[in-house]
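For reference, the structure is listed below as structure tokens.
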2 protein chains.
Amino acid sequence: MTPPLPKKPVRGSSTGIAIMAVFDLLGRKWNMRILWELRNVPQSFRELQARCDGMSPSVLNTRIKQLKEAQLIAKTTDGYQLTDIGLSLMDTLDPLREWAASWEEAFKLE
Amino acid sequence: MTPPLPKKPVRGSSTGIAIMAVFDLLGRKWNMRILWELRNVPQSFRELQARCDGMSPSVLNTRIKQLKEAQLIAKTTDGYQLTDIGLSLMDTLDPLREWAASWEEAFKLE
DNA sequence: AAAGTTGCTACGAAATTAGTAGCAATCATA
DNA sequence: TATGATTGCTACTAATTTCGTAGCAACTTT
């Protein structure tokens with residue numbers, strides 16, 4: 001399971017373009033959620049697991065490894081937390097919240 | 001495989017919050033990529049498949065169904081294309097390109 | 001009318017994800 | 001300082017997802 005990193009991509013993408021690596025990384029189950037849950041507070045393994053609906057520890061473990069390798073999170077004395085780049089990713093993904101709301105609206109109008 | 005929709009989520013998320021449905025939907029392999037490839041040009045099934053590195057037609061087919069159900073794409077005489085909401089999603093995701101570039105930078109500096 | 005193209009389904013194999021159990025290390029409490 | 005709880009994580013199996021190939025019916029093109 002080659003982890004997606006820029007420059008040396010990844011799962012079914014032969015292009016080598018960074019955005020494809022992003023799609024690959026974020027397209028794996030739980031990755032966005034994990035980063036999202038870490039956006040405000042550093043958390044321990046088990047805290048994180050709990051916040052992610054009790055996701056299985058084996059998967060969480062591999063996700064953590066990949067996200068660390070991708071330099072999006074790091075382990076500190078406070079637990080796992082976003083790196084600067086990781087945080088900036090969450091910042092650029094933040095408008096998703098608003099979009100999600102309008103998406104939801106669209107469904108109510110049916 | 002319950003498809004993720006707002007209000008009635010989804011795979012391992014019990015919250016019911018729209019953003020979680022987004023994470024679920026976009027967290028499935030190929031979904032972001034498919035939307036991304038459609039952002040400028042409507043495309044036929046086989047075109048789309050080709051652009052997505054020849055992804056397997058069975059998966060593409062189920063993805064198309066889900067994305068249609070989520071009202072992000074629609075089938076027209078020109079092929080599959082983004083709906084308005086789908087397009088707005090791509091707009092809010094657009095800054096990812098720039099982020100990906102800086103992410104890549106961070107790796108070069110190692 | 002023959003040959004190609006397109007959209008899609010079937011189906012078995014491979015890979016990913018889930019779930020449960022458990023264990024060594026640290027921490028807290030008594 | 002013994003005891004019990006908590007934490008971080010690994011092992012292992014089962015379930016689900018994804019892949020890959022083959023193929024077919026409905027068009028289109030020649």
Side-chain angles (χ1 to χ4, degrees), chain A residues 1-5 9-15 20-38 41-70 73-82, chain B residues 1-5 9-15 20-21 23-38 41-70 73-81:
Chain A
M1 191 200 338
T2 336
L5 298 174
V10 205
R11 275 209 315 188
S13 175
S14 52
T15 62
M20 298 303 168
V22 175
F23 290 156
D24 186 6
L25 183 60
L26 299 186
R28 294 181 186 184
K29 196 173 176 184
W30 292 117
N31 270 347
M32 285 207 245
R33 176 69 176 276
I34 290 169
L35 295 169
W36 184 263
E37 296 296 347
L38 288 176
V41 199
Q43 283 168 66
S44 71
F45 188 96
R46 268 164 136 116
E47 278 172 336
L48 200 45
Q49 185 189 13
R51 282 198 191 245
C52 293
D53 300 310
M55 69 175 289
S56 92
S58 43
V59 177
L60 177 54
N61 193 26
T62 73
R63 288 291 113 89
I64 284 175
K65 281 179 193 163
Q66 294 165 356
L67 292 173
K68 277 197 295 195
E69 204 172 335
I73 67 174
K75 193 176 189 175
T76 70
T77 53
D78 292 331
Y80 296 102
Q81 81 179 158
L82 296 181
Chain B
M1 191 200 336
T2 337
L5 299 174
V10 203
R11 276 211 312 189
S13 175
S14 52
T15 63
M20 297 303 167
F23 290 156
D24 186 8
L25 183 60
L26 299 185
R28 291 179 188 187
K29 195 173 176 183
W30 294 117
N31 270 346
M32 284 207 249
R33 176 69 176 274
I34 290 170
L35 295 170
W36 185 262
E37 296 296 347
L38 288 177
V41 198
Q43 283 168 66
S44 71
F45 188 95
R46 266 163 136 116
E47 278 173 336
L48 199 46
Q49 184 188 13
R51 282 202 190 242
C52 292
D53 300 310
M55 69 175 288
S56 94
S58 43
V59 177
L60 177 54
N61 192 28
T62 72
R63 288 292 113 88
I64 285 175
K65 282 179 192 164
Q66 294 166 355
L67 292 172
K68 276 197 294 195
E69 205 173 334
I73 68 175
K75 193 178 190 175
T76 71
T77 53
D78 293 331
Y80 295 103
Q81 80 180 156

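Sequence lines set the chain letters: A, B, ... in the order given, protein chains first and strands last, and positions in each chain run from 1.
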Atom-pair distance ([atom1] on [X]; [atom2] on [N]), nearest Å:
X	N	atom1	atom2	answer
Leu60(B)	dT17(D)	CG	P	17 Å
Asp53(B)	dT18(D)	CG	P	16 Å
Gln66(A)	dC9(D)	CD	P	15 Å
Ile34(A)	dT17(C)	CD1	C1'	12 Å
Glu47(B)	dT6(C)	CD	P	8 Å

Contact list (N/O, under 3.5 angstrom) for nucleotides 20-25 of chain D vs protein:
residue : atom : partner  : partner atom : Å
dG20(D) : O6   : Ser58(B) : OG           : 2.8

So, [X] side chain and [Y] main chain: donor-acceptor pair closer than 3.5 Å or not?
X	Y	result
Gln43(A)	Glu37(A)	yes
Asn31(B)	Leu25(B)	yes
Arg33(A)	Arg51(A)	yes

Any [X] side-chain nitrogen or oxygen under 4.0 Å from OP1 or OP2 of [N]:
X	N	answer
Lys75(A)	dC9(D)	yes
Trp30(A)	dA18(C)	yes
Lys29(A)	dT16(D)	no
Arg63(A)	dT17(C)	yes
Tyr80(B)	dC8(C)	yes

### Query
Is any side-chain heavy atom of Ile73(B) less than 4.5 Å from a side-chain heavy atom of Ile64(B)?
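Yes, their side chains come closer than 4.5 Å.
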### Query
Run the side-chain hydrogen bond (donor to acceptor under 3.5 Å, both in side chains) check on Gln49(A) and Arg46(A) step by step: do they pass?
CA-CA 5 Å; Gln49(A) 185 189 13; Arg46(A) 268 164 136 116; 5.1 Å; no
#### Entry: CE-CG distance between Met55(A) and Leu48(A), expressed to the nearest 0.5 angstrom
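These two atoms lie 8.0 Å from each other.
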